[in-house]
Chemist: 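Here it is: the structure, laid out below.
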Amino acid sequence: MYRDRYAVILVQGTSHAIRAEHLLNRAGIACKLIPVPRHLSSNCGTCVRVERKDVDAAREALQVGRLEIEGIHEI
Amino acid sequence: MNENVGQLHYTASQPAVGKAIPSSGPLVLVVSSEVMGRGEHAELGGILIRSFFHVLGEVEPTPAVILFFNSGVKLLVQGSPVLEDLQALAKQGVEILACGTCMGYYDLTDKVAVGAVSNMYTIAETMLRAGKTVYL
């Protein structure tokens, strides 16, 4: 149902994902904390989902907030 | 001498009084808190419940009914972090029922954004008639 619409941003852990959500909200970028999709990791982790159109803006917002990004994947 | 004295005889068609008969009713999910699990940090429980409802729409089996009571009803109102997921589940046909007493206690009755406000009769019947009840 989400095909071709979203991307997930992977960060180091849950506390980083919470911080990422704060930074993206502050930047006015719609996002959602979701479990890391199974095909990306079997660990019980949390990542941030954004719309693909917002990926560049999200990357910039997280970099400005000095939050390290482990990966960005389209889902 | 009667060898059967003092013995009780039950057959499969004669269940003991007061014993429940296994039901083949619906799968019911019970949510009694706005967070998932117990721990010293409520923030983590909030993240877990958001994750849970996100994946609930993608995994099988889908519950037929989700019951919300106690602070779990806070998940059903405007501004809830799981509202979008619950609305999607409702659209799929999942019945979402909220405890009216709890809604009133938290003064949220006018803010319900998904599901129906119900009462303890319906909640009790739904749980007792369930084929399987899963407590979050």
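Chain A is the first sequence line, chain B the second, and so forth, proteins listed ahead of strands; every chain is numbered from 1.
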Chemist: I need the minimum non-hydrogen distance between A:Pro35 and B:Val55, along with the two atoms involved.
Modeler: CG-CG1, 3.5 Å
Chemist: Taking the side chain as everything from C-beta on, heavy atoms only, tell me whether A:Thr14 gets closer than 4.5 Å to B:Glu43.
Modeler: no
Chemist: Among pairs that include at least one residue of residues 19-28 of chain A, which meet side chain to side chain donor-acceptor pair (under 3.5 Å), considering only residues two or more places apart or in two chains?
Modeler: A:Glu21-B:Arg50
Chemist: B:Val35 and B:Val73: same hydrophobic cluster, using ILVMFWY side-chain contacts below 4.5 Å?
Modeler: no
Chemist: Could you list the donor-acceptor pairs under 3.5 angstrom formed by side chains in residues 108-120 of chain B, with sequence neighbours left out?
Modeler:
from	atom 1	to	atom 2	distance (Å)
B:Asn119	OD1	B:Tyr121	N	3.0
B:Asn119	OD1	B:Thr122	N	3.0
B:Asn119	OD1	B:Thr122	OG1	3.3

Chemist: What is the distance from atom CD1 of B:Ile47 to atom OG1 of A:Thr46, rounded to the nearest 0.5 Å?
Modeler: 6.0 Å
Chemist: Roughly how far apart are B:Ser51 OG and A:Ile34 CD1, rounded to 0.5 Å?
Modeler: 8.0 Å
Chemist: According to a 4.5 Å side-chain heavy-atom criterion applied to Ile, Leu, Val, Met, Phe, Trp and Tyr, with indirect links allowed, do B:Phe52 and A:Val48 form part of one hydrophobic cluster?
Modeler: no
